[in-house]
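Here is the structure we will look at, set down as structure tokens.
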Amino acid sequence: YGEEASITSYRMTKTERNGCPSYQIEMSCQVGDMQMDQLVYIIAADKVYTITYSQSADDERMDDFKKSLNKIQVVFDKQA
């Protein structure tokens, strides 16, 4: 606590999910000697939906996180 985080890498990719514009953001942050990796997926549909995955640099879960993004679907309620 009390230390500032710095972004060490950042990549944003514009994509589409079920006809809705979306963005995939991959970034790494450094705080002292700790590194955190994040994968953020933003979908602009009837509302804005944000899915965020975070891990320590040595957790090795990012491949699983990326695979799960392929399973995300936007489903609209026809009664709304």
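- Within the structure, salt bridge (charged side-chain N to carboxylate O under 4.0 Å, His left out) pairs that include any residue of residues 50-63 comprise Arg61-Asp64 (at least two apart or interchain).
- Side-chain atoms of Arg17 come within 3.5 Å of backbone N or O of Leu69 as a donor-acceptor pair.
- Applying the salt bridge (charged side-chain N to carboxylate O under 4.0 Å, His left out) rule to pairs touching residues 44-55 yields nothing, sequence neighbours excluded.
- The only member of Ile72, Val48, Thr50 that meets side chain to side chain contact (heavy atoms under 4.5 Å, CB included) when paired with Ile43 is Ile72.
- Listed by first then second residue, pairs satisfying ring-ring contact (aromatic ring centres under 6.0 Å, His included) with a partner in residues 47-74 read Tyr53-Phe65, not counting sequence neighbours.
- Here Met36 sits alone; no ILVMFWY side chain lies under 4.5 Å from its own, so it joins no hydrophobic cluster.
- Applying the side-chain contact (heavy atoms from CB on, under 4.5 Å) criterion to Thr15, with sequence neighbours excluded, gives Ser22, Tyr41.
- In terms of heavy-atom proximity, Met12 sits nearest to Ile25 at CG-CG1, 3.8 Å.
- With sequence neighbours left out, Asn18 forms a side-chain contact (heavy atoms from CB on, under 4.5 Å) with Gln73, Val74.
- Without hydrogens or angle criteria, Gln30 side chain to Gly32 main chain gives a donor-acceptor distance under 3.5 Å.
- Sorted by first and then second residue, the salt bridge (charged side-chain N to carboxylate O under 4.0 Å, His left out) pairs involving residues 21-38 (not counting sequence neighbours) are Arg11-Glu26, Glu26-Lys66.
- Put simply, Tyr10 and Ile42 are part of the same group of oily side chains (I, L, V, M, F, W, Y) that touch within less than 4.5 Å, one to the next.
- Closest heavy-atom contact between Ala44 and Cys20: O-CB, 3.5 Å.
- Once rounded to the nearest 0.5 Å, the distance linking CE of Met62 with NZ of Lys67 reads 13.5 Å.
- Its side chain outside the 4.5 Å cluster rule for every partner, Val75 clusters with none of the Ile, Leu, Val, Met, Phe, Trp and Tyr residues.
- Residues that satisfy the side-chain hydrogen bond (donor to acceptor under 3.5 Å, both in side chains) test with Thr52, not counting sequence neighbours, are absent from this structure.
- Rounded to the nearest 0.5 Å, atoms NZ (Lys14) and CD (Gln24) are 14.5 Å apart.
- Rounding to the nearest 0.5 Å gives a distance of 4.5 Å between CD of Gln35 and OG of Ser28.
- The side-chain hydrogen bond (donor to acceptor under 3.5 Å, both in side chains) test applied to Thr8 returns no partner, not counting sequence neighbours.
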